[in-house]
Asker: 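So that we are looking at the same thing, I have put the structure below in structure tokens.
Computation of the quantities below employed the complete heavy-atom set of this structure, encompassing side-chain atoms and omitting hydrogens, waters and symmetry-equivalent molecules. Since we're looking at a predicted model, the values are computed, not measured. Naming convention: chains lettered A, B, ... in sequence-line order (proteins, then strands); numbering from 1 in each chain.
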Protein chains: 2
Amino acid sequence: MSFEMGDLDEVSQTLKLLGDKTRLTIMKLLEKQECCVCELVEIFKTSQPSVSQHLRKLKDAGLVKENRKGQWIFYSINPNSPQHELIQQLIAFVPSQDHELEELDKKGLRISCN
Amino acid sequence: MSFEMGDLDEVSQTLKLLGDKTRLTIMKLLEKQECCVCELVEIFKTSQPSVSQHLRKLKDAGLVKENRKGQWIFYSINPNSPQHELIQQLIAFVPSQDHELEELDKKGLRISCN
DNA sequence: TTATTATATAACTATGTGCTTATATAAGCA
DNA sequence: TGCTTATATAAGCACATAGTTATATAATAA
């Protein structure tokens with residue numbers, strides 16, 4: 001077998017987490033590159049606490065990790081999650097969300113720390 | 001690409017449906033063979049209405065289909081669902097639930113219509 | 001026909017979820 | 001030191017969800 005067999009509870013918990021359109025889209029966005037909270041707030045046109053709460057659920061489940069850079073906190077996929085392979089396969093079914101990041105670029109709202 | 005790209009809403013809706021342990025297990029059981037409601041009631045040790053309501057959600061989403069045989073109604077995976085490929089891939093991560101059906105056999109509770 | 005078995009549906013309830021507003025924490029800047 | 005920006009957390013509310021009990025429908029058997 002090419003992947004670890006998941007535990008039933010862990011698999012259903014992961015599906016429940018990604019059974020939310022916002023969180024599923026976040027994971028798809030992070031597939032390509034890390035994002036900070038304010039970028040996601042802009043993309044989802046929702047409140048900052050709402051985005052933070054979604055990110056916390058993903059982080060509590062170990063699906064993403066955070067990386068502070070100055071005043072910003074960047075989130076990225078955690079490749080060491082036991083659920084990583086499942087997630088990769090799932091988000092392969094989600095259409096690309098790159099246009100959202102391109103929109104941000106056009107508005108000059110991308111955050112870059114080098 | 002070896003599969004149809006899903007619509008974002010349809011994918012998240014499917015994940016939400018299978019983000020429930022009972023429904024995820026039902027889909028895993030049906031992967032191997034059709035089951036009738038009373039078998040599932042026995043397996044999940046829950047009420048008959050509870051199982052019926054889970055099955056209705058799966059049927060409303062087009063993930064399963066029903067087939068009446070006399071007084072029993074057998075449910076099976078709907079291979080024509082647009083979500084079929086996604087479902088197949090994700091239930092591959094769920095451990096086999098065959099032991100549940102074997103238990104039923106031992107107790108003489110399997111329903112067979114020939 | 002009546003009784004029994006299998007399943008579905010409706011109404012209710014308890015719990016969970018996602019959002020909002022308000023506030024706290026933390027980093028950077030004047 | 002304030003002031004601003006970015007993020008997190010807490011509390012409250014509206015709505016969704018999964019279970020329960022009671023009842024309806026449908027098939028079968030006596």
Side-chain angles (χ1 to χ4, degrees), chain A residues 8-9 12-27 30 34-61 63-76 104 107-114, chain B residues 8-9 12-27 30 34-61 63-76 104 107-114:
Chain A
L8 176 61
D9 294 78
S12 69
Q13 185 55 36
T14 299
L15 299 184
K16 176 174 289 184
L17 271 171
L18 300 197
D20 174 277
K21 214 190 329 181
T22 301
R23 287 191 293 267
L24 184 61
T25 306
I26 289 175
M27 294 301 281
L30 299 188
E34 60 181 15
C35 289
C36 72
V37 182
C38 58
E39 292 173 320
L40 297 172
V41 168
E42 183 67 23
I43 288 172
F44 291 110
K45 308 243 183 305
T46 184
S47 68
Q48 173 268 315
S50 175
V51 170
S52 273
Q53 284 157 15
H54 283 299
L55 288 168
R56 189 149 95 95
K57 290 188 182 188
L58 294 172
K59 199 186 63 160
D60 286 350
L63 306 190
V64 303
K65 56 197 173 99
E66 62 182 37
N67 175 25
R68 182 179 276 277
K69 296 183 184 176
Q71 52 188 157
W72 295 284
I73 298 179
F74 284 78
Y75 283 84
S76 58
L104 279 194
K107 296 187 204 159
L109 293 173
R110 283 308 290 283
I111 309 293
S112 54
C113 300
N114 299 311
Chain B
L8 177 59
D9 294 77
S12 68
Q13 186 53 35
T14 299
L15 299 184
K16 176 175 288 183
L17 270 171
L18 300 196
D20 173 277
K21 215 191 327 182
T22 301
R23 288 191 294 266
L24 184 60
T25 306
I26 288 174
M27 293 301 282
L30 299 187
E34 61 181 16
C35 288
C36 71
V37 182
C38 60
E39 292 172 320
L40 296 172
V41 168
E42 183 66 24
I43 288 172
F44 292 110
K45 308 244 183 304
T46 184
S47 68
Q48 173 268 313
S50 176
V51 170
S52 274
Q53 285 157 15
H54 282 300
L55 287 168
R56 189 148 94 97
K57 290 188 181 189
L58 294 172
K59 198 186 64 161
D60 285 350
L63 306 190
V64 303
K65 56 195 173 101
E66 62 182 37
N67 175 24
R68 181 179 278 275
K69 295 183 183 176
Q71 51 188 156
W72 296 282
I73 299 179
F74 285 78
Y75 284 84
S76 58
L104 279 194
K107 297 188 203 160
L109 293 174
R110 282 309 289 283
I111 309 294
S112 53
C113 299
N114 301 310

Asker: Nearest to the side chain of A:S47 - D:dA18, C:dT21, C:dT7?
Answerer: C:dT21
Asker: Whole angstroms only, please: what is the CG-C1' distance between A:L55 and D:dA6?
Answerer: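 About 13 Å, once rounded to whole Å.
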Asker: Please state how far atom CG in B:L18 lies from atom C1' in D:dT17, giving the value in whole angstrom units.
Answerer: 16 Å
Asker: Is the phosphate of C:dT20, meaning OP1 or OP2, less than 4.0 Å from a side-chain N or O of A:T46?
Answerer: yes
Asker: Between atom CH2 in B:W72 and atom P in D:dT25, what is the gap in whole Å?
Answerer: 23 Å
Asker: Rounding to an integer number of Å, can you tell me how far A:I26 CD1 sits from D:dT7 C1'?
Answerer: 14 Å
Asker: Could you give the NZ-to-P distance, from A:K69 to C:dG28, as a whole number of Å?
Answerer: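 Interatomic distance, NZ of A:K69 to P of C:dG28: 14 Å.
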Asker: From CD of A:E66 over to C1' of D:dA6, roughly how many Å is that when rounded to an integer?
Answerer: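 Those two atoms, CD and C1', are 13 Å apart.
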Asker: Select one nucleotide: of C:dA6, D:dA27, C:dA8, the one nearest the side-chain heavy atoms of B:R68.
Answerer: D:dA27
Asker: If you only use heavy atoms from C-beta on, which nucleotide in D:dT28, D:dG19, C:dA8 is closest to the side chain of B:T22?
Answerer: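 Of the options given, the side chain of B:T22 lies nearest D:dG19.
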Asker: Which one is paired to D:dA29, where only Watson-Crick or G-U wobble pairs with both distances under 3.5 angstrom count?
Answerer: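 Its partner is C:dT2 (Watson-Crick or G-U wobble, both distances under 3.5 Å).
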Asker: Distances under 3.5 Å between protein N/O atoms and the N/O atoms of nucleotides 9-11 of chain C, please, pair by pair.
Answerer:
{"from": "C:dT9", "atom 1": "OP2", "to": "B:R56", "atom 2": "NE", "distance (Å)": "3.4"}
{"from": "C:dA10", "atom 1": "N6", "to": "B:Q53", "atom 2": "NE2", "distance (Å)": "3.2"}

Asker: For B:K21 and D:dT17, what is the distance between atoms NZ and C1' respectively, to the nearest whole Å?
Answerer: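 Whole-Å distance recorded here is 16 Å.
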Asker: Between A:V51 and B:Q13, just flag the one whose closest nucleotide in DNA chain D comes earlier from the 5' side.
Answerer: A:V51
Asker: Taking only side-chain nitrogens and oxygens of B:Y75, does any of them come within less than 4.0 Å of OP1 or OP2 of C:dA8?
Answerer: yes
Asker: Reckon A:K57 has a side-chain N or O less than 4.0 Å from the OP1 or OP2 of C:dG18?
Answerer: yes
Asker: Can you tell me if the side-chain N/O atoms of B:R23 get under 4.0 Å from OP1 or OP2 in D:dA18?
Answerer: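 The answer is yes; a side-chain N or O of B:R23 sits under 4.0 Å from OP1 or OP2.
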Asker: Closest-nucleotide mapping onto DNA chain C: is A:K16 or A:Q71 further toward the 5' terminus? I mean the 5' end.
Answerer: A:K16
Asker: Report the nucleotide, chosen from D:dA8, C:dC19, D:dA6, that has the shortest atom-to-atom distance to any side-chain atom of A:H54.
Answerer: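 In terms of side-chain proximity for A:H54, the closest of D:dA8, C:dC19, D:dA6 is C:dC19.
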Asker: Mind calculating the distance between CG (B:L24) and P (D:dT17) to the nearest angstrom?
Answerer: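 Answer to the nearest Å: 17 Å.
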